[in-house]
Amino acid sequence: MTTTMASSLLERYIERLGLEASVPELRQRAGGASGQVVELLDDLLRAHIHAICFENLDVLAARARGEVRAVSVSLDEVADKLLRNRRGGYCHEHAVLFRGILAELGLAVYPVLARVHLGAGRVEPAGLTHQATIVALGSQRYLVDPGFGGGTPECALPLSGGVRATVRGEYRIVPAESALEPAMRAESEWVLQSRTTGEQEFRNDYAFADVARQRSDIEVSNWYTSTKPGTRFTGPPVLARSLPDSGKLTVEGQQLRYVRSGAVPERRERTITDAADFARVLTEDFELRVRGEFAALVWGANSQS
């Protein structure tokens with residue numbers, strides 16, 4: 001990628017996130033001491049998840065058209081979708097964009113694939129369906145992940161351990177052998193754990209090995225996640241947006257929810273009534289740039305699920 005193209009990508013990213021910093025200022029911070037780089041990662045993660053929501057609408061639109069087609073994980077196409085077209089995306093898209101931005105800032109980054117452990121009743125490890133990024137800073141490595149939906153950590157997490165707190169809860173990375181039974185570990189070395197404000201126990205979110213995955217591994221994971229019938233992202237719509245008031249806005253199927261934890265928890269929920277209401281939710285609540293006919297196409301597939 002040429003310098004001109006790289007600057008264009010970073011400038012579009014800065015504009016999409018509403019950052020006040022310039023490209024040279026971000027590059028300067030990325031070249032600082034490790035503590036300064038971690039602060040930059042935290043700032044970018046917070047701004048990213050507030051500006052660019054999690055959504056699987058293109059997966060559902062393809063299904064509604066009768067197409068068997070994976071979501072693109074090309075950096076150029078992901079950048080066009082999430083930045084120029086002001087859309088959201090799911091984990092693979094967020095990871096590709098965020099890692100591309102960090103690479104353009106001169107940081108050493110590589111992709112990892114994870115097995116999700118959320119949900120009760122699991123008796124064997126899930127597939128390698130989630131993508132995140134490792135940033136290497138000297139001898140230390142940090143997990144960064146803007147694409148885990150409503151559970152996305154808003155901070156960089158060291159693989160060396162330690163709890164990091166955000167407005168939505170606490171996160172940590174622990175060895176897989178201390179968090180998972182042997183039958184559930186597969187090749188995993190580390191587990192991302194979280195707990196929201198008021199919870200006593202940490203829960204396992206996903207497990208991964210600190211292994212730089214090849215592009216072919218990413219493509220296989222992305223293909224499975226976005227095309228296999230009956231999986232979480234080929235069913236009803238799934239959207240998540242983190243709000244500046246520390247609340248979370250989500251859509252699952254036809255249910256719109258707002259949840260905010262803290263000293264005075266708040267929860268609101270309603271049913272989305274029809275395609276027009278769905279279009280309003282997408283454009284006003286999630287601030288997505290989508291046309292009415294696209295929303296109606298996705299809503300039609302949702303109504304038939």
Side-chain angles (χ1 to χ4, degrees), residues 6 8-21 23 26 40-61 71-105 107 109 111 130-133 135 143-156 166-168 218 222 225-226 232-233 237-252 256-259 279 281-291 294-295 298:
S8 175
L9 175 63
L10 287 170
E11 288 167 354
R12 284 186 291 161
Y13 190 68
I14 288 170
E15 189 277 330
R16 180 74 164 94
L17 269 57
L19 300 177
E20 296 181 358
V23 171
L26 291 184
L40 171 63
L41 295 174
D42 291 350
D43 289 345
L44 290 179
L45 281 167
R46 281 193 297 270
H48 182 115
I49 68 171
H50 290 167
I52 308 176
C53 77
F54 184 98
E55 50 109 329
N56 67 332
L57 302 180
D58 279 0
V59 174
L60 305 187
V71 171
S72 174
V73 288
S74 156
L75 176 57
D76 288 342
E77 292 186 53
V78 169
D80 280 347
K81 177 183 175 182
L82 274 62
L83 303 181
R84 186 184 68 184
N85 298 333
R86 303 190 74 82
R87 286 282 306 281
Y90 80 153
C91 70
H92 293 291
E93 297 166 288
H94 281 277
V96 165
L97 176 61
F98 199 68
R99 189 165 56 251
I101 293 297
L102 298 185
E104 294 297 350
L105 289 173
L107 296 173
V109 293
H130 182 67
Q131 184 184 166
T133 296
V135 181
L143 177 79
V144 292
D145 181 6
F148 197 52
T152 295
E154 296 183 28
C155 57
T166 72
V167 295
R168 290 177 177 81
I218 300 296
N222 179 58
T225 307
S226 61
R232 177 167 174 75
F233 301 120
V238 178
L239 297 97
R241 182 187 179 198
S242 295
L243 302 173
D245 68 354
S246 77
K248 290 189 295 187
L249 196 65
T250 62
V251 167
E252 292 197 33
L256 173 66
R257 299 183 184 91
Y258 169 84
V259 177
V281 168
L282 297 182
T283 58
E284 297 176 13
D285 294 322
F286 287 87
E287 298 183 352
L288 296 175
R289 186 180 292 169
V290 296
R291 296 181 176 180
F294 177 83
V298 174

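Since we're looking at a predicted model, the values are computed, not measured.
Checked for salt-bridge contact, K81 and D76 miss the test: no charged N lies under 4.0 Å from a carboxylate O. Using a 4.0 Å cut-off between charged nitrogen and carboxylate oxygen, E104 and R99 do not count as a salt-bridge pair. Residues R86 and E287 are not paired through a salt bridge, judged by the lack of any N-O separation under 4.0 Å between the basic side chain and the carboxylate.
The CD atom of E20 lies 11.5 Å from the CD1 atom of I14; values are rounded to the nearest 0.5 Å. Distance check, rounded to the nearest 0.5 Å: CZ of R168 to OG of S242 gives 4.0 Å. How far CG of L45 is from OG1 of T166: 11.0 Å, rounded to the nearest 0.5 Å.
In this structure, the side chains of L249 and V259 stay at 4.5 Å or more apart for every pair of heavy atoms. Residues F294 and D58 form a side-chain contact, since some pair of their non-hydrogen atoms from C-beta on lies under 4.5 Å apart. Between H50 and L243 the shortest side-chain heavy-atom distance does not fall below 4.5 Å. Between V298 and P237 the shortest side-chain heavy-atom distance falls below 4.5 Å. Side-chain contact between H94 and I52: present, with at least one pair of heavy atoms (C-beta onward) separated by less than 4.5 Å. Residues L239 and L256 are not in side-chain contact: their nearest non-hydrogen atoms beyond the backbone lie 4.5 Å or more apart. At least one side-chain heavy atom of L9 sits under 4.5 Å from a side-chain heavy atom of L83. Counting heavy atoms from C-beta on, the side chains of L26 and I101 never come closer than 4.5 Å.
In this structure, the side chain of R241 does not engage the main chain of K248 through any donor-acceptor pair within 3.5 Å. Remark: side-chain polar atoms of N56 are paired, donor with acceptor, to backbone N or O of V238 under 3.5 angstrom. Put simply, the side chain of R289 gets close to the backbone of R84: a donor and an acceptor are under 3.5 Å apart. At distances below 3.5 Å, at least one donor-acceptor pair connects side-chain atoms of D245 with backbone N or O atoms of G247. The closest donor-acceptor contact from the side chain of N222 to the backbone of V71 lies under 3.5 Å. Judged purely by atom type and a 3.5 angstrom limit, D145 has no side-chain atom pairing as donor or acceptor with the backbone of A132. Within the 3.5 Å criterion, the main-chain N or O of A156 finds a donor-acceptor partner in the side chain of D42.
Taking every heavy atom of both residues into account, F54 and G149 meet most closely at CD1-N, 3.4 Å. Residues L41 and F98 approach most closely at O-CZ, 4.4 Å, considering heavy atoms. Heavy atoms only, all atoms of each residue included: G88 and L288 are closest at N-CD2, 3.4 Å. A47 and L19 make their closest contact through CB-CD2, 3.7 Å (heavy atoms, listed as atom of the first residue, atom of the second, distance). Closest approach of F233 and T225 over heavy atoms only: CD1-CG2, 3.5 Å. Between V78 and E93, the shortest heavy-atom distance links the atoms CG1-O, 3.3 Å.
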Hey, mind stepping through L102 and V144 against side-chain contact (heavy atoms from CB on, under 4.5 Å) and telling me if it holds? CA-CA 10 Å; L102 298 185; V144 292; 4.1 Å; yes

Decide salt bridge (Lys or Arg N to Asp or Glu O under 4.0 Å) for R12 and D80; before the verdict, give the C-alpha distance in whole Å, the side-chain angles of both, and the deciding distance to 0.1 Å. CA-CA 10 Å; R12 284 186 291 161; D80 280 347; 3.3 Å; yes

Please determine whether side chain to side chain donor-acceptor pair (under 3.5 Å) holds for the pair R257 and T250, giving the CA-CA distance in whole Å, both sets of side-chain angles, and the decisive distance to 0.1 Å. CA-CA 5 Å; R257 299 183 184 91; T250 62; 4.6 Å; no

Derivation of the side-chain contact (heavy atoms from CB on, under 4.5 Å) call for H130 and F148: CA-CA 8 Å; H130 182 67; F148 197 52; 3.5 Å; yes

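Residues passing the salt bridge (Lys or Arg N to Asp or Glu O under 4.0 Å) test with D43 are R29, R46, sequence neighbours excluded. Under the rule for a side-chain hydrogen bond (donor to acceptor under 3.5 Å, both in side chains), the partners of H92 that lie at least two apart in sequence or sit in another chain are Q131, S221.
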